[in-house]
Amino acid sequence: MESHILTRRTFMRIVGCSAATAFCPSLLKAGQTRKPNVVIIYADDLGYGDVGCYGATEVKTPNIDRLASQGLRFTNAHSSSATCTPSRYAMLTGEYPWRKRGTGVLPGSAAMIISPGRTTLPSIMQRAGYTTGVVGKWHLGLGDGNVDWNGQIKPGPLEIGFDYCFLIPATGDRVPCVYVENRHVVGLDSSDPIQVSYGKSIGNEPTGKDHPELLKMHPSHGHNQTIVNGISRIGYMSGGKAARWVDEDMADTITDKAKAFIEKHKQEPFFLYFSTHDIHVPRVPHPRFVGESGLGPRGDAIVQFDWCVGQILETLERLGLVEDTLVIFTSDNGPVVDDGYKDQAVEKLNGHTPSGPLRGGKYSAFDAGTRIPFVVRWPGRVKKGTSDALACQIDFLSSMASLTGQKLAAEDAPDSINILDALLGDSPAGRDHLVEHAGTLSLIRGNWKYIAPSRGAKMSRMTNIELGNDPQPQLYDLKNDLGEKHNVAEDHPDIVAEMAAMLQKIRQQDRSR
Ligand code: NG6
Ligand code: CA
């Protein structure tokens, strides 16, 4: 005889939750079931066309492709900016970066630009009972403006909601070239103190400018200051010799730390922001990846990054956490080929198209600047397939608040929209509109993209990227012209006026949520 009593499993299925593990705050009392862990795998400068599941054929990314085949792949998802610091600022605060001065690409000596005490993505996860960690590239500043790398480094991630951090303080190409774990430089010998300068030269170590014969990789633009590990960087540093990183080991080092964090917190809900150095410059993969792609160091860095993704996925599998973990894979901004080192990226492209079908790249107002690979996997809960929903990393904060059953205060996360239904695949619709940031601002709404007039250079001579600047307004129909080849502003003055006014209004108000 068939029972009329619903088993918990059946009930969960009917209400749209996966069996045994799902967390439905609106349906279940706190503590009744386990919340999903959340892991954000955040690549650096990885383009829309750089991975197999987005059409790359010249470079193989089996782990990312596997993740995509098990999850939901977004075709219209964006970072908030076409460079790193502003994108990350937006992702962690839920605020458009252009609202705040000082959120541009930061030097390694910058103060932290997220004020302690404000609501952040990690702080809301902490509030929901998660153990929170960030491993990898930070680039949001550390300290209060006069950081002493030899003492306690504060404020930093631990002051804005992370319980643990293991950091590349700024970028791989910026000093200081050391790791920071929680509040201290790792492996520092106190008799060899670190000094850092972004102004005058400091110490007496050779620079790339004066001693190019010491370099194993030469700069193509900038990057000619202190030499660390045979590579000259942006900025000067002296001391800290024992603590300096070895670029070739960086992916292994941070992946081990990310795995250890997962392992350590496997019993509790955890939130991990795993922020890789790959595929940013300098591209110096471990020798075991050298030559693997046939595309030179840039392609090899993609292969290495894919390996890192595989390591995280295998760790979740080994610990039996796959069904309990929502994994998001994405990138902080679009692709660049020559970003300042002579690493054969241009010469060895071999037909590979980092931007895929999109125009522009990193730094650009065209869509390749900010439309990035974006996959969400949570087996049993996130519907598998493809989503065209308009999504942005700035929305993680509101969406994770919703996932964990929290209400945000009115002043929190001013531009973060709750798109949880889209992220889970329950709804084909994401945000209504999105403001994008590069040299100028753009507004995406439906099929239309409006790029506000700007006087900047049309083309970057350093990176050879079209920046999207134009003194005339630009309007593109992304549905029929994804590659933004035909500016139809003159054909649709009414739409241009409407979108310009809307952008102006969003700029004037201090919030859009
Ligand atoms: C640029 C650097 C580039 C990269 C970028 C930041 C030069 C000439 N170029 O200024 O190499 O570091 O800043 O990249 O120095 S990001 O992904 O962190 O935003
Ligand atoms: Ca970046």
Side-chain angles (χ1 to χ4, degrees), residues 21 34-44 46 51 61-68 70-71 121-122 125-126 130-138 157-158 161-169 172 178-182 184-187 243 245-280 284-289 292 300-332 375-379:
T21 54
R34 193 188 154 128
K35 299 166 193 169
N37 309 307
V38 176
V39 175
I40 298 177
I41 304 175
Y42 208 55
D44 199 350
L46 188 73
V51 288
T61 54
N63 292 299
I64 296 166
D65 300 351
R66 174 161 63 99
L67 185 76
Q70 296 165 345
L121 177 59
M125 300 308 276
Q126 228 174 25
Y130 282 68
T131 302
T132 57
V134 50
V135 173
K137 175 171 170 176
W138 181 240
L158 304 198
F162 286 106
D163 297 308
Y164 171 76
C165 69
F166 185 92
L167 308 176
I168 297 161
V178 294
Y179 300 112
V180 170
E181 190 165 30
N182 294 327
H184 292 93
V185 168
V186 179
W245 66 52
V246 175
D247 304 75
E248 288 83 344
D249 297 335
M250 189 177 267
D252 285 330
T253 302
I254 62 174
T255 302
D256 281 349
K257 293 290 172 186
K259 287 163 66 177
F261 177 85
I262 295 173
E263 181 96 41
K264 185 165 179 204
H265 301 289
K266 58 177 185 255
Q267 308 283 16
E268 48 201 310
F270 61 80
F271 167 67
L272 171 64
Y273 166 33
F274 178 42
S275 171
T276 67
H277 159 69
D278 289 320
I279 61 168
H280 198 280
V284 196
H286 188 271
R288 71 185 187 279
F289 297 108
E292 279 299 297
D300 296 346
I302 296 176
V303 174
Q304 175 168 273
F305 171 70
D306 183 72
W307 174 85
C308 298
V309 173
Q311 289 293 300
I312 301 298
L313 300 184
E314 276 168 33
T315 302
L316 296 174
E317 278 153 29
R318 178 167 55 78
L319 299 174
L321 295 175
V322 173
E323 311 267 310
D324 292 332
T325 306
L326 190 156
V327 177
I328 299 173
F329 149 70
T330 186
S331 173
D332 70 338
V375 170
V376 181
R377 184 191 79 170
W378 181 12

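These numbers come from a predicted model, not from an experiment.
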[Y] backbone acceptor or donor facing [X] side chain under 3.5 Å:
{"X": "Tyr130", "Y": "Pro36", "result": "yes"}
{"X": "Asp44", "Y": "Ile279", "result": "no"}
{"X": "Thr132", "Y": "Gln126", "result": "no"}
{"X": "Ser275", "Y": "Lys137", "result": "yes"}
{"X": "Gln304", "Y": "His286", "result": "yes"}
{"X": "Thr61", "Y": "Val51", "result": "no"}
{"X": "Thr325", "Y": "Val327", "result": "no"}

What distance separates [X] [atom1] from [Y] [atom2], expressed to the nearest 0.5 Å?
{"X": "Thr131", "Y": "Ile262", "atom1": "OG1", "atom2": "CD1", "answer": "13.0 Å"}
{"X": "Ser331", "Y": "Asp278", "atom1": "OG", "atom2": "CG", "answer": "11.0 Å"}
{"X": "Leu319", "Y": "Gln267", "atom1": "CG", "atom2": "CD", "answer": "9.5 Å"}
{"X": "Leu46", "Y": "Phe329", "atom1": "CG", "atom2": "CZ", "answer": "5.0 Å"}
{"X": "Leu67", "Y": "Ile312", "atom1": "CG", "atom2": "CD1", "answer": "11.5 Å"}
{"X": "His280", "Y": "Asp332", "atom1": "NE2", "atom2": "CG", "answer": "7.5 Å"}

Evaluate Thr276 against Met250 for side chain to side chain contact (heavy atoms under 4.5 Å, CB included), listing each step before the verdict. CA-CA 9 Å; Thr276 67; Met250 189 177 267; over 6 Å; no
Test log, rule side chain to side chain contact (heavy atoms under 4.5 Å, CB included), inputs Lys257 and Phe274: CA-CA 9 Å; Lys257 293 290 172 186; Phe274 178 42; over 6 Å; no
When the ring planes of Phe270 and Phe261 are compared, do they come out parallel, tilted or perpendicular, using 30° and 60° as the limits? perpendicular
Closest contact, heavy atoms only, [X] versus [Y]:
{"X": "Glu181", "Y": "Tyr164", "result": "OE2-OH, 2.6 Å"}
{"X": "Asn37", "Y": "Pro269", "result": "OD1-CA, 3.3 Å"}
{"X": "Ile254", "Y": "His277", "result": "CD1-N, 4.0 Å"}
{"X": "Phe162", "Y": "Pro122", "result": "CE1-CG, 3.4 Å"}
{"X": "Gly172", "Y": "Ile168", "result": "N-CG2, 4.2 Å"}

Can you tell if the side chain of [X] reaches within under 4.5 Å of the side chain of [Y], non-hydrogen atoms only?
{"X": "Leu167", "Y": "Pro157", "answer": "yes"}
{"X": "Leu313", "Y": "Arg377", "answer": "yes"}
{"X": "Arg288", "Y": "Trp307", "answer": "yes"}

Could you give me the CA-CA distance, side-chain angles and deciding distance for Val186 and Phe166, then say whether side chain to side chain contact (heavy atoms under 4.5 Å, CB included) is met? CA-CA 9 Å; Val186 179; Phe166 185 92; 3.9 Å; yes
With side chain to side chain contact (heavy atoms under 4.5 Å, CB included) as the criterion, how do Cys165 and Asn182 come out once you've worked through the C-alpha distance, each side chain's angles and the decisive distance to 0.1 Å? CA-CA 5 Å; Cys165 69; Asn182 294 327; 4.2 Å; yes
Any salt bridge (charged side-chain N to carboxylate O under 4.0 Å, His left out) pairs touching residues 265-276, not counting sequence neighbours? Glu263-Lys266
Asn63-Asp306 side chain donor-acceptor pair, cut-off 3.5 Å: yes
